[in-house]
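As the structure lists them, so they are numbered: ligands from 1, and atoms in each ligand from 1. Below, each value reflects all heavy atoms present in this structure, side chains not excepted, and no hydrogens, waters or symmetry copies.
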Amino acid sequence: MTDMLSINNPADGTTITEVRADDAASVAAKAARARAAQPAWAARPLAERRAAIVRFREGIVTELESLARTLTSEVGKPIAQSRNELNGFLGRIDFFLGAVEMSTASEEVFADASIRERIGHDPLGVVANISAWNYPYFVGGNVFVPALLTGNAVLYKPSEFATLTGLHIDRLLHAAGVPQDVFITLVGGGAVGAALVEQRVDGVFFTGSAATGARIAAVVGPRMIRLQLELGGKDPTYVADDVDAKAAAESLADGAMYNTGQSCCSVERIYVHEKVHDEFVQAFVATVAGLKVGDPGDDATYIGAITRPAQIGVLEAQVKDAIAKGATLRAGGRRIERRGTWFEPTVLTGVSHDMLLMREESFGPIIGIQKVAGDEEALRLMNDTRYGLTAGVYTKDEARAVRLLARVDAGSVYWNCCDRVSPRLPWSGHGDSGVGVTLSTYGIQAFTRPKAWHLRQP
Ligand code: NAD
């Protein structure tokens, strides 16, 4: 482990600052502090924990513009999209504040003359929150907000690519009244995350790649503690023959390219009915040509930088492999030669499942569009994946969409929409997209363990 972590701006390759990183000894000391502090936090009335999160929300509102600027500087996200994330985060906080009581109130489920039965919800204890960088407020907050509300202490490890944002979250939570030892931030990369999962914690909540998730599962599995893994996706959409092809293309170009394609629920594969394929592709390419690539600090920018420099090689390899196997490049296809890490919005047609592009997560502004003969072929291809995060169908016919989506193996399904997350609905994946649930009432109860009470009067 290194002592200092360099924070870089992917849009221009400059170093913003350096921050002191944790090491194995400091991780262990922080875990011990959280363990000691958790019971008193859990003993506080829910109203006090809620009041702290309300003040945290106020802090976010007050600093929203500067928090958005910080996020843009360290991940290269277009500023308008950083503001969108922060505003969306406020909505998620509101959901958790509103739903925590009904999700975790103890419930009497049976009573007769001799016995009463009650279900209670105890906090897990100390939880590890290991986060990705692509939506740090969303993916971090899906864990630490409900975890704190339900009486847990949180050991929070933001991504090394979103450290400054993580440190702002830390500062604002403490300023809002969450005790220093109840929410503790660990700074550093994978080695710090690995040291964290070695600690005696009661739950590990991870958001990141399937490869890291599998590594964590191998370490945590034998310890019989709560483990949730929110991993990647290769999310498919089928465009049926009865759609307005232009409207579908505009919606799906947004779903594929928003956040520069660096979303777990980005549209990553598109299957188009042969009757509307050519019209759809033309409209899709025209829409992509209109997306402004450039300075993430500019309000009009839509495509920003690639956050992790190593991802450029993944994108180049997928494009090269697809073209070698017969795909046609309709737009983009190359890294952009400017300071920082950039990739052109890229569209490939004539693709197939022999290609990496249609099998492996791209996590960038590139998309494959495949022609299909009808619904059954589309369904077979949509399910031909190790992942199972989201999937969508565009058609005028709701019954047709429902018939297809009922047979798709994915945690979230969309009719005529995509790349959408709602705090009111459970967020979960199958297969290599992970295990466990965040958001919704399930994603609050995930931070508790049910306790069965059998109460007999003497
Ligand atoms: P990553 O797996 O590289 O890193 C995620 C986190 O794990 C980081 O904080 C990292 O420091 C830490 N880490 C790395 N090695 C570790 C180890 N051995 N032990 C413990 N922690 C370790 O992923 P990333 O690049 O930050 O995020 C991108 C991935 O996240 C994509 O695959 C994306 O689809 C996925 N993602 C999923 C969701 C979801 O809700 N399903 C949401 C956002 C992102």
query = Out of Asp321, Thr385, Asp384, which residue meets the side-chain contact (heavy atoms from CB on, under 4.5 Å) rule with Arg359?
reply = Asp384
inquiry  = Suppose the criterion is salt bridge (Lys or Arg N to Asp or Glu O under 4.0 Å): which pairs have a residue in residues 433-448, not counting sequence neighbours?
reply    = none
ask   = Pairs in or reaching into residues 401-416: which pass salt bridge (Lys or Arg N to Asp or Glu O under 4.0 Å), with residues at least two apart or in two chains?
value = Glu376-Arg407
query = Is the backbone N or O of Val187 less than 3.5 Å from a side-chain atom of Lys157, with the two atoms forming a donor-acceptor pair by type?
reply = no
I'd like the atom pairs linking ligand 1 to the protein - N or O on both sides, separation under 3.5 Å - with distances to 0.1 Å.
| unit_1 | atom_1 | unit_2 | atom_2 | d |
| --- | --- | --- | --- | --- |
| ligand 1 | 2 (O) | Ser209 | N | 2.9 |
| ligand 1 | 2 (O) | Ser209 | OG | 2.7 |
| ligand 1 | 2 (O) | Thr212 | OG1 | 2.7 |
| ligand 1 | 9 (O) | Ser131 | O | 2.8 |
| ligand 1 | 9 (O) | Lys157 | NZ | 2.9 |
| ligand 1 | 11 (O) | Lys157 | NZ | 2.7 |
| ligand 1 | 11 (O) | Glu160 | OE1 | 2.7 |
| ligand 1 | 19 (N) | Ala194 | N | 3.4 |
| ligand 1 | 23 (O) | Ser209 | N | 3.3 |
| ligand 1 | 25 (O) | Trp133 | NE1 | 2.9 |
| ligand 1 | 26 (O) | Trp133 | NE1 | 3.3 |
| ligand 1 | 30 (O) | Gly208 | O | 3.2 |
| ligand 1 | 32 (O) | Glu361 | OE1 | 2.6 |
| ligand 1 | 34 (O) | Glu361 | OE2 | 2.7 |
| ligand 1 | 40 (O) | Glu230 | OE1 | 3.3 |
| ligand 1 | 40 (O) | Trp427 | NE1 | 2.8 |
| ligand 1 | 41 (N) | Leu231 | N | 3.4 |
| ligand 1 | 41 (N) | Leu231 | O | 2.7 |

ask   = What pairs with Thr441 under side chain to side chain contact (heavy atoms under 4.5 Å, CB included), at least two apart in sequence or on another chain?
value = Met102, Ser103
Lys NZ or Arg CZ of Arg420 over Tyr414 ring: under 6.0 Å, within 45° = no
